[in-house]
2 protein chains.
Amino acid sequence: MREREIVDAALRVFAQRGYHAAVVDEIADLAGISKPMVYLYLGSKENLFVACVRRSSQALVRAFREAADSGDAPELRLWRGLSAFFAFVAEDRDSWVMLHRQAPEQSEAITAELAQARESVMREVADLVRRGIDEGGADDRLGEVDVDFVAQALVGAADSLTDWMEQHPREAPDRVALRLMNMIWIGMRDVLGGEMWSPPE
Amino acid sequence: MREREIVDAALRVFAQRGYHAAVVDEIADLAGISKPMVYLYLGSKENLFVACVRRSSQALVRAFREAADSGDAPELRLWRGLSAFFAFVAEDRDSWVMLHRQAPEQSEAITAELAQARESVMREVADLVRRGIDEGGADDRLGEVDVDFVAQALVGAADSLTDWMEQHPREAPDRVALRLMNMIWIGMRDVLGGEMWSPPE
DNA sequence: AAGTAGACTTACTCGGAAGTAAGATTAATA
DNA sequence: TATTAATCTTACTTCCGAGTAAGTCTACTT
């Protein structure tokens with residue numbers, strides 16, 4: 001299907017050059033057609049970009065969700081989800097760049113699409129964190145605010161670790177996820193257990 | 001000083017609109033002068049942008065470093081550094097947007113400047129993490145690779161938590177830093193102590 | 001008063017890229 | 001072989017914004 005081919009090409013060019021530096025002619029060339037065809041199928045550059053973001057975002061969320069979707073313990077599901085995330089980034093770097101390394105400066109539509117992509121991932125993670133806490137049998141010490149905090153930190157850490165992964169290509173995605181789990185989950189569990197760090201007076 | 005005023009104005013406009021959408025005329029207007037003056041003082045739009053990034057970056061690194069610079073225990077220094085970081089972001093949001101929310105798609109010079117800014121912060125953090133580990137008296141279980149990993153995750157988490165902070169304006173910067181310390185530091189300490197999470201076989 | 005230097009502005013040029021009008025090519029029918 | 005419809009391209013137009021040439025204003029010197 002033509003539209004798919006165009007989006008494929010656009011994804012590569014956008015990821016490499018960024019929205020502004022990307023030139024529609026180049027996308028058309030890469031797709032093996034001429035510029036007006038791009039406009040015929042996708043309408044505008046902005047719309048083309050949104051189509052790319054949407055596809056990449058759905059692919060990522062789907063990968064995470066499928067990996068994390070089982071009847072097992074939340075922490076195991078979270079680990080699987082994170083592994084899938086790192087695997088996705090390693091394999092389809094263009095999609096990741098698309099979602100991560102784009103200035104949210106752009107138009108309304110683009111900003112909204114990117115925000116929604118992040119929101120989707122965040123919801124998945126927050127959900128698992130919440131279940132993990134509930135299951136831990138803790139006395140509800142942590143509320144929704146704390147769940148959001150942990151989820152936000154976790155997602156941010158994962159984002160950033162994609163850079164680390166690039167510098168350590170020998171490390172398999174699920175090993176990276178394991179490292180992260182050890183950093184976050186144990187700390188969270190112990191905090192739930194009442195352990196705390198605080199600055200000395 | 002004229003140059004300073006121009007950079008002030010540019011920072012606001014760049015932060016609000018992003019590099020491409022920012023128009024030099026608007027910057028000039030905001031600075032209360034005309035466009036050619038901007039070019040007289042700063043040479044080019046790109047150079048102007050770099051000047052903004054550099055200033056913001058230096059301010060941030062300085063804030064972190066000064067806060068973290070004491071003879072105390074590494075974890076305390078880290079906490080202070082993180083507190084300063086969150087305070088900086090809360091107070092000078094434009095600078096933060098400048099450093100964080102810009103597409104690295106731009107020109108060589110801009111990309112380099114942004115990378116260097118991040119690199120500076122990362123070095124500071126990694127340094128404290130390393131000291132913290134050494135001091136923990138652990139049997140060198142963790143090498144340089146792990147230090148980098150922790151630093152990368154920590155910086156990423158902090159980056160991302162700036163969003164969380166925006167949604168919870170009542171939470172003071174040092175409280176946010178404390179939350180983060182509890183998530184990360186305790187986990188790290190326990191992992192050093194041999195505790196580990198691993199997926200069941 | 002006349003000259004001159006520095007600070008500043010108006011009013012352009014010029015290039016680059018999004019978007020499009022009009023025509024060409026191909027393939028399928030009759 | 002002529003017709004027509006779908007697909008695609010060439011060759012524009014148009015606009016926007018970075019960068020600049022040339023001139024103006026102010027203040028100070030002589």
Side-chain angles (χ1 to χ4, degrees), chain A residues 1-55 97-98 101-114, chain B residues 1-55 98 102-114:
Chain A
M1 188 191 182
R2 257 297 122 87
E3 185 168 326
R4 204 202 137 77
E5 290 170 22
I6 296 173
V7 173
D8 284 345
L11 187 64
R12 288 180 53 188
V13 176
F14 280 135
Q16 193 186 342
R17 304 226 189 285
Y19 182 74
H20 285 282
V23 174
V24 177
D25 268 313
E26 187 182 351
I27 294 171
D29 279 5
L30 191 61
I33 55 176
S34 67
K35 190 166 55 160
M37 292 311 293
V38 175
Y39 283 89
L40 180 63
Y41 280 94
L42 273 303
S44 71
K45 185 184 183 183
E46 176 179 320
N47 202 56
L48 174 57
F49 188 87
V50 168
C52 291
V53 170
R54 186 167 293 154
R55 209 180 68 182
V97 169
M98 198 72 185
R101 294 287 153 82
Q102 294 292 336
E105 72 188 47
Q106 328 292 2
S107 73
E108 210 48 37
I110 293 180
T111 309
E113 199 66 35
L114 286 169
Chain B
M1 188 194 184
R2 258 300 119 88
E3 185 167 328
R4 202 200 139 77
E5 289 171 22
I6 297 173
V7 174
D8 283 346
L11 187 64
R12 289 179 55 187
V13 175
F14 280 136
Q16 193 186 342
R17 303 226 189 285
Y19 182 75
H20 286 283
V23 174
V24 178
D25 267 313
E26 188 183 349
I27 295 170
D29 277 5
L30 191 61
I33 54 174
S34 66
K35 191 164 56 161
M37 291 312 291
V38 175
Y39 284 90
L40 180 64
Y41 281 95
L42 273 304
S44 70
K45 185 183 183 183
E46 176 178 321
N47 202 55
L48 175 56
F49 188 87
V50 168
C52 291
V53 170
R54 186 166 293 153
R55 210 180 67 180
M98 199 73 187
Q102 294 293 338
E105 72 188 45
Q106 329 292 2
S107 75
E108 210 49 37
I110 294 179
T111 309
E113 198 68 33
L114 286 169

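Note that the structure is predicted; figures quoted are calculated from it, not measured. Computation of the quantities below employed the complete heavy-atom set of this structure, encompassing side-chain atoms and omitting hydrogens, waters and symmetry-equivalent molecules. Residue numbers begin at 1 in each chain, while the letters A, B, ... track the order of the sequences.
Nucleotides of DNA chain C that come within less than 4.0 Å of any heavy atom of chain A span, from the 5' end to the 3' end, dA17(C) to dA21(C).
For the pair Cys52(A) and Ala10(A), the tightest heavy-atom approach, listed with the atom from each and the gap, is SG-CB, 3.6 Å. Taking every heavy atom of both residues into account, Val53(A) and Glu113(A) meet most closely at CG1-CG, 3.6 Å. Here the closest non-hydrogen pair linking Val13(A) and Ala22(A) is CG1-CB, 3.8 Å. Nearest approach of Ile27(A) to Ile6(A), heavy atoms of both residues: CG2-O, 4.2 Å.
Residue Ala28(B) is classed as having no contact, given no heavy-atom separation below 4.0 Å to the nucleic acid.
Spacing between atom CD1 of Ile27(B) and atom C1' of dG19(D) amounts to 14 Å, rounded to whole angstrom units. Atom CG of Asn47(B) is separated from atom C1' of dA18(D) by 14 Å (rounded to the nearest Å). When rounded to the nearest whole Å, the span between CZ of Arg17(B) and P of dC16(D) equals 15 Å.
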Next item on the list: Could you go through the side chain to side chain contact (heavy atoms under 4.5 Å, CB included) check for Arg55(B) and Met98(B) one step at a time?
Entry: CA-CA 10 Å; Arg55(B) 210 180 67 180; Met98(B) 199 73 187; over 6 Å; no

Next item on the list: Give the intermediate values and the outcome of side chain to side chain contact (heavy atoms under 4.5 Å, CB included) for residues Leu40(B) and Arg2(B).
Entry: CA-CA 11 Å; Leu40(B) 180 64; Arg2(B) 258 300 119 88; over 6 Å; no

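For the segment residues 35-45 of chain B, the set of residues with a heavy atom within less than 4.0 Å of an atom of DNA chain D comprises Lys35(B), Pro36(B), Tyr39(B), Ser44(B), Lys45(B), in numerical order.
Using a 30° and 60° split on the angle between ring planes, Phe49(A) and Phe14(A) fall in the perpendicular class, above 60°.
Between the NZ atom in Lys45(A) and the NE2 atom in His20(A) there is a gap of 7.0 Å [rounded to 0.5 Å].
When the side-chain nitrogen and oxygen atoms of Arg2(A) are compared with OP1 and OP2 of dT7(D), none of them lie within a distance under 4.0 Å.
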